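Accompanying notes for the structure given below.
Counting starts at 1 for both ligands and their atoms, in listed order. We're numbering straight along the sequence, starting at 1. What you are looking at is a predicted structure, and each value in this text was computed from that prediction instead of being measured.
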Amino acid sequence: MREIHYDEARVPRYTLPDALRFADGSPVDGAAGWRRRRAEILDLFASHVYGRTPAAASSPVSWETVEEGGAPDGVARRRQVRITFAGAGGVLGLDLLLYVPAGAGPSHPVPVFLGLNFGGNHTVDADPAIRLPTSWVGGPGAGEAHRATEEGRGRAAGAWPVRALLARGYGLATMYCGDAEPDHAEGFAAGIRGLVAPDSAPAPADAWGALGAWAWALSRGVDALQEQPEVDATRIAGMGVSRLGKAALWAGAQDERFALVISACSGCGGAALSRREFGETVARINAAFPHWFCPAFRRYNDREADLPVDQHMLLALVAPRPVYVASAEEDRWADPRGEFLAALGADPVYRLLGTDGLGAAEMPPVERPVRTTIGHHIRRGGHGITAYDWDRFMDFGDRHLGQPAGGR
Ligand code: GTR
């Protein structure tokens with residue numbers, strides 16, 4: 001495996017595949033041509049990177065409100081919805097936690113940020129009414145039993161500014177990624193992938209991976225949000241950080257019901273260009289996380305130049321809907337420059353579709369956000385998500401989804 005490095009001088013010369021040329025070399029002409037090229041690119045990502053989302057995974061899905069109440073501090077309403085998928089191999093439950101401002105209702109539906117969380121909905125806020133996940137959990141405090149505990153309440157609150165979102169008129173919806181698939185190499189058996197195809201070993205080259213399963217969960221979240229009278233389902237922003245930012249981009253690429261898509265520090269297999277080979281590489285990610293991508297993606301270990309796509313094309317699949325790429329200065333593993341260059345690489349598609357694309361030709365200085373239809377910032381600090389990131393995401397939401405009434 002090629003050595004990992006952080007040296008611009010060692011970035012190879014590369015040519016990105018042209019998003020605006022069909023596989024046969026002919027140029028894409030206008031918006032109608034882009035629809036056809038879009039389908040081609042979507043298929044390439046399914047065949048070579050994330051795997052195909054099986055049609056059998058789209059239904060039947062049902063929803064049930066399992067808990068409702070006022071929270072937090074009386075400024076909002078909380079609702080917990082159990083999303084149930086019944087497949088050939090059994091039943092899978094996803095718990096959606098929704099907060100909306102107290103004034104939201106059928107005559108005043110609000111835009112919502114929807115994102116998966118890493119440790120369970122109860123980690124997002126100390127609110128004692130949040131249900132603990134019953135699925136496998138990893139990370140600190142999970143113990144050998146891998147079960148969520150009371151101690152985990154609010155542990156990830158720093159990554160989820162619930163009150164700030166509500167104060168600006170937004171709702172927040174979140175689900176635990178492990179409900180859809182526990183994040184470890186054997187997790188598929190307990191998740192949607194195992195449920196849909198219980199006996200499909202060995203997996204075909206284009207079989208979906210965990211990122212596909214998490215993207216699927218985000219779309220099931222949209223299904224459920226469409227049923228909530230306080231939610232404006234035409235204004236759902238799909239978001240995620242790191243591996244869940246990769247999943248958010250893949251969800252937003254496939255599912256055009258996401259009005260806006262945000263990734264933070266999503267790096268390799270997310271917003272960063274694979275061909276730069278800077279920081280985390282294809283070979284390294286496939287070795288460390290063999291369950292994330294489809295088996296075919298391994299063909300590109302140390303052979304990034306052979307990929308029929310690169311990640312600028314994933315961002316382009318969101319076009320003309322607004323997409324935001326957030327990076328962090330010290331997060332070199334995720335290659336911030338490669339993330340910016342992917343945003344720049346998506347620009348011609350956004351412009352073809354009549355938007356203002358990315359309003360920067362060079363990588364902007366730290367904490368100078370770009371708010372055109374392709375949004376971007378690089379903030380101080382390291383890997384993760386901060387209040388600074390969220391403030392910029394809300395600014396971007398105000399600009400592109402329309403400032404929520406009741407917001408500032
Ligand atoms: C890292 C992984 C990255 C990123 C990150 C995360 O270990 O190499 O691709 O996804 O995890 O999810 O925090």
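Annotation: cation-pi geometry satisfied between Arg332 and Tyr6 (NZ/CZ under 6.0 angstrom from ring centroid, within 45° of ring axis).
Side chain of Lys246 to main chain of Cys268: a donor-acceptor pair is present (N/O by atom type, distance under 3.5 Å, no hydrogens or angles).
For Arg380 and Glu367, the salt-bridge test passes: some basic side-chain N is under 4.0 Å from an acidic carboxylate O. Salt bridge status for Asp347 with Arg351: present, with a side-chain N to carboxylate O gap under 4.0 Å.
The six-membered or imidazole ring of His122 lies away from that of Tyr176, with a centre-to-centre distance of 6.0 Å or more.
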Quick one: table the atom pairs, ligand 1 N or O against protein N or O, below 3.5 Å, distance rounded to 0.1 Å.
unit_1: ligand 1; atom_1: 8 (O); unit_2: Glu280; atom_2: OE1; d: 3.1
unit_1: ligand 1; atom_1: 8 (O); unit_2: Glu280; atom_2: OE2; d: 2.5
unit_1: ligand 1; atom_1: 8 (O); unit_2: Trp333; atom_2: NE1; d: 2.9
unit_1: ligand 1; atom_1: 9 (O); unit_2: Lys246; atom_2: NZ; d: 2.8
unit_1: ligand 1; atom_1: 9 (O); unit_2: Glu280; atom_2: OE1; d: 2.6
unit_1: ligand 1; atom_1: 9 (O); unit_2: Glu280; atom_2: OE2; d: 3.4
unit_1: ligand 1; atom_1: 10 (O); unit_2: Ser242; atom_2: OG; d: 3.3
unit_1: ligand 1; atom_1: 10 (O); unit_2: Arg243; atom_2: N; d: 3.2
unit_1: ligand 1; atom_1: 10 (O); unit_2: Lys246; atom_2: NZ; d: 3.3
unit_1: ligand 1; atom_1: 11 (O); unit_2: Arg243; atom_2: NH2; d: 2.9
unit_1: ligand 1; atom_1: 12 (O); unit_2: Ser242; atom_2: OG; d: 2.6
unit_1: ligand 1; atom_1: 12 (O); unit_2: Arg243; atom_2: N; d: 3.0
unit_1: ligand 1; atom_1: 12 (O); unit_2: Arg243; atom_2: NE; d: 2.5
unit_1: ligand 1; atom_1: 12 (O); unit_2: Arg243; atom_2: NH2; d: 3.2
unit_1: ligand 1; atom_1: 13 (O); unit_2: Ser242; atom_2: OG; d: 2.5
unit_1: ligand 1; atom_1: 13 (O); unit_2: His383; atom_2: NE2; d: 3.1

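Within 6.0 Å of CZ in Arg2 there are more than 12 heavy atoms belonging to other residues, nucleotides or ligands.
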